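Worksheet for the structure shown next.
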Amino acid sequence: MEMAAVTPSQCPCNFLVEPTMPITVQFKRGKISGSISNLPAFPGASSGFRTLRCSPHHSPSLVDNGENCHKASKKENVSRELLHSTSWDVPCAVLPVGTVSGVPKVNAELTGLLEAIGHCTDIKQLKQIHAHMLRTSLFFDPFATSKLITASALSLFSSLSYAHKVFKQIQHPNLYTWNTLIRAYASSSDPTQSLLIFLEMLYSCPEFPNKFSYPFVIKAASVLKALKFGRVLHGMAIKASLGSDLFILNSLVHFYGSCKDLDLAHRVFTKIQRKDVVSWNSLINAFTQGGSPEGALHLFKEMEVNNVKPNNITMVGVLSACTKMLDLEFGSWICSYIKRNDLSVDLTLNNAMLDMYIKCGRIEDAKKIFNEMPEKDIVSWTTMIDGYAKLGSYDQARLVFCAMPHQETAAWNALISAYEQNGKPKEALSLFHELQHSTIAKPNEVTLVCALSACAQLGAMDLGGWIHVYTKKHGIKLNCHLTTSLIDMYAKCGDLDKALEVFYSVEQKDVYVWSAMIAGLAMHGCGRAALDLFSRMLEDDVIPNGVTFTNVLCACSHAGLVNEGKYIFNQMESLYGVVPGVKHYACMVDILGRAGLLDEAVALIEKMPILPSASVWGALLGACRLHGSVELAEQACNSLLELDPGNHGAYVLLSNMYAKAGKWDSVSHLRKLMRDSGLKKEPGCSLIEVKGIVYDFFVGDNSHPFSQKIYSKLDEILVRLKSIGYEPNKSQVLQLVEEDDLMEHALNLHSEKLAIAFGLISIEASQPIRIVKNLRVCGDCHSVAKLISGLYDREILLRDRYRFHHFRGGKCSCMDYW
DNA sequence: ATAGGGTTAG
């Protein structure tokens, strides 16, 4: 092959030409940018680029015309910046013009070069070869450049941005080269690039995508859950007569599974002529991940019937299904099946078995596997840590943590999240502080999400705010998880404005972000605003899920919006396909019950297609208290205690109702019952954060260093309140059982009162006093807080178990409706 | 010359 020397004008990238000898490698910082919308129509498309969208003509025949197609997620939006700028240096311009006028001995050199590429062990060596190729015109050999791309995109030392820049230097990349880049990006951190490069290839590569191109690009679509895009790919593959390629079909099964479209996944699967083990694995995993583990197990059995031999990957999927169903029996059977059939057990499979035993409560079996594992990775360790933590064996969890060879961030996260999720937020935060002193690990997004959640539980807004600042300072972009946690933290700490500020400051809002904001508004009693936000969310084409509806209904309940609640509840399934769960029913019972529609609430419970949970009966019980229906309360209480015998609150509520009705016999009977059952109540506890430290107060607490001052402040308060006509709410004395069994007369010792008194002496008057209480606020404390807010002109934010009470100027945001 | 399927934590 004749090859001319490259002159500047021919150089594909218009790089500077350096005319000096010996050869020096110049680096140029390049920024590649552009947008997919700049791409002209690709050849063969009748109406340009638009046909790439989900149009009936390009849709696979088995798919209907898009009615079932879910709204596109933002990730599918390919019209965004084509490529990130990168900081990789690419050799260029190494042609000493005029000195390499002769044609290099391409063939001889080529062989050596290809070998050299194969022997590269780092990017530096590769760059040297790259430079050499540019110098000798070998860069014009398609085979050689392909190898170069492969090495830079897929080897151990690979750098995708480097590969991409090399790619840009190639004048006519061949299909193989395109495929390589698409493949590399599919499993990178930025799979959107795969889709973009695929589109670019359609336009600028003379060859059509082949049977290799599709699996790569479909994989990228799977990661992105780009349902529309993937459907178009499916259609294109069929048009290209590749519709029966096993690899492509398997990719598609996996793809539809990733998009949670089990129906389509299954339909593609049934069209596969000769299903192999990968086909089955893809579908089994689609069912496992897509919320139908039962289906996955069924498929596994069917697979056996069809004489397809399962492999280790099958077992991972099936075990994962058992784990999701907490089916220990089947899970153990699988473990023995693996042994019996001598399947190869690798790290992932061991981890899957580990996880199954742990989730099914068999820590000893898990431990045995763990100890015998020849190789452990971060997943193995964190699974064990989490297992112990979930059992409350924190010492064991810590022991495993300490035994780890590297305490990477993920390990810290396992421990922190375990504490945070098991009601130990203080411990979680103290670990978070410990982590900040670690030299090995640094907090990452996950850590911050856990820490924020712990802050939210404690009402620790100073620390929560500090974490917010931390993200800004360290340039940590707010992903949806972080945004959700921040909104939740600010809302639960009582700063609704800050929560809204975060909400409006971010561009990316997924359904969880919206739902968190709706929940925030709901807990602050802004029911209307929550509903408005819900409408805006729908206008924004965000599809609501079960969480969203729980929050929306909760908003209705706190604001007494009965008709709105009913309306939305009725639309859930019919319009949005969200089957009402037990939480939604509980909300509805609450909405109806509060409004006094007790009969309607009972009727709803009676026609529930699922078993009512304790929370449903609890809601009814609460409504009975509000409306003084003792008989119904007895029924509700019985049903509740059947499901949740340790529910102290139910006894208290009923006993208070008996007391109010003067049924003292029943009161003492109930109390005896409680004593006999050895029921321990959750002690009332109020938290208050002062200067970054969270203080907790229990009833009659005098452990605080300023205890003396707090009690004298409390005395002062009560004197002042009485002077303006306050009388302790005697009826609330009856509720003392909820606060403390022994000190019936000690209304004044309620933890929230202590916390308020402490707040008054230790927090500047300009700042609100924020308190978090673990139980529902009692009526007397509620009136006292109202009075204090007026008398002392202080803002008090009290979060109780159910909602926020925002006291200001003698009034409460709940309008005494809680 | 190239391919498809897997585990944990938010």
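Because the structure is predicted, anything quoted here is derived from the model rather than measured. Residue numbers start from 1 in every chain, and the chains themselves are labelled A, B, ... in the order their sequence lines are given, proteins ahead of strands. Heavy atoms only: backbone and side chains are in, while hydrogens, waters and symmetry mates are out.
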Donor-acceptor pair under 3.5 Å, A/N351 side chain vs B/dG6 base: no
Sugar-phosphate, base or nothing in reach of A/S282, heavy atoms under 4.0 Å: sugar-phosphate
Among B/dG6, B/dA3, B/dG5, the one nearest A/K211 by side-chain distance: B/dA3
Under 4.0 angstrom, heavy atoms only, what part of the nucleic acid is A/N350 near: base, sugar-phosphate, or nothing? nothing
What is the distance, rounded to the nearest whole Å, between atom CG of A/D346 and atom C1' of B/dT7? 9 Å
ring-ring contact (aromatic ring centres under 6.0 Å, His included) contacts in which one or both residues fall within residues 416-435 of chain A, not counting sequence neighbours: A/Y394-A/Y419
A/I476 atom CD1 is separated from B/dG10 atom C1', nearest whole Å, by 14 Å
Output the rounded distance in Å from CG (A/D276) to P (B/dG6). 14 Å
Among B/dG6, B/dA1, B/dA9, which nucleotide sits nearest the side chain of A/K147? B/dA1
Classify A/K359 by what it touches in the nucleic acid, base, sugar-phosphate, or nothing, heavy-atom distance under 4.0 Å. sugar-phosphate
Closest to the A/L349 side chain: B/dG6, B/dG5, B/dG10? B/dG6
Residues at least two apart in sequence or cross-chain that pass salt bridge (charged side-chain N to carboxylate O under 4.0 Å, His left out) with A/K359, listed by chain then number, are A/D355
Counting only distance, no hydrogens or angles, is the base of B/dG10 paired donor-acceptor with the side chain of A/N413 under 3.5 Å? no
Test of understanding: with side-chain hydrogen bond (donor to acceptor under 3.5 Å, both in side chains), list the residues that count as partners of A/T177, not counting sequence neighbours. A/S146, A/N174
Tell me whether the side-chain N/O atoms of A/Q289 come closer than 4.0 Å to OP1 or OP2 in B/dT7. yes
Check whether any side-chain N or O of A/H481 sits under 4.0 Å from OP1 or OP2 of B/dA9, and answer yes or no. no
From CD1 of A/I369 over to P of B/dT7, roughly how many Å is that when rounded to an integer? 17 Å
With the side chain defined as heavy atoms from C-beta on, A/A410 is closest, among B/dA1, B/dG5, B/dA9, to B/dA9
Across all chains, not counting sequence neighbours, the salt bridge (charged side-chain N to carboxylate O under 4.0 Å, His left out) partners of A/K492 are A/D488
To the nearest Å, how far apart are A/R183 CZ and B/dA3 P? 5 Å
Give A/F143 one of three labels, base, sugar-phosphate or nothing, depending on what nucleic acid heavy atoms sit under 4.0 Å from its own. base
Separation of B/dT2 P from A/F198 CZ (nearest whole Å): 20 Å
Quick check with a 6.0 Å cut-off and a 45 degree axis cone: is A/K219 positioned over the face of A/F255's six-membered ring? no
Contacts of A/N285 meeting side-chain hydrogen bond (donor to acceptor under 3.5 Å, both in side chains) (sequence neighbours excluded), chain-then-number -> none
Pick base, sugar-phosphate or nothing for A/L175, based on heavy-atom distances below 4.0 Å to the nucleic acid. nothing
Distance under 6.0 Å and angle within 45° of the ring axis: does A/K211 meet both against A/F247? no
What is the distance, rounded to the nearest whole Å, between atom OH of A/Y176 and atom C1' of B/dA3? 12 Å
Distance, rounded to the nearest Å, where A/I313 contributes CD1 and B/dG5 contributes P: 9 Å
Sort out for me which residue in A/N351, A/L328, A/I334 forms a side chain to side chain contact (heavy atoms under 4.5 Å, CB included) with A/M356. A/L328
Applying a 4.0 Å non-hydrogen cut-off, can you work out what A/N174 is touching in the nucleic acid: base, sugar-phosphate, or nothing? base
Output the single nucleotide from B/dG5, B/dA1, B/dG6 whose closest atom is nearest the side chain of A/N311. B/dG5
Answer with base, sugar-phosphate or nothing: what part of the nucleic acid does A/V449 contact at a heavy-atom distance below 4.0 Å? sugar-phosphate
When all nucleic acid strands are considered with a 4.0 Å heavy-atom cut-off, which category describes A/T323: base, sugar-phosphate, or nothing? nothing
Nearest 0.5 Å, what's the OG1-CZ distance between A/T382 and A/F401? 11.5 Å
B/dG10, B/dG6, B/dT8: which one has an atom nearest the side-chain heavy atoms of A/T348? B/dG6
What residues 378-402 of chain A contributes to the DNA chain B interface at heavy-atom separation below 4.0 Å is A/V379, A/T382, A/T383
Under the criterion of centre distance below 5.5 Å and interplanar angle below 30°, is A/F212 classified as stacked on the base of B/dA3? no
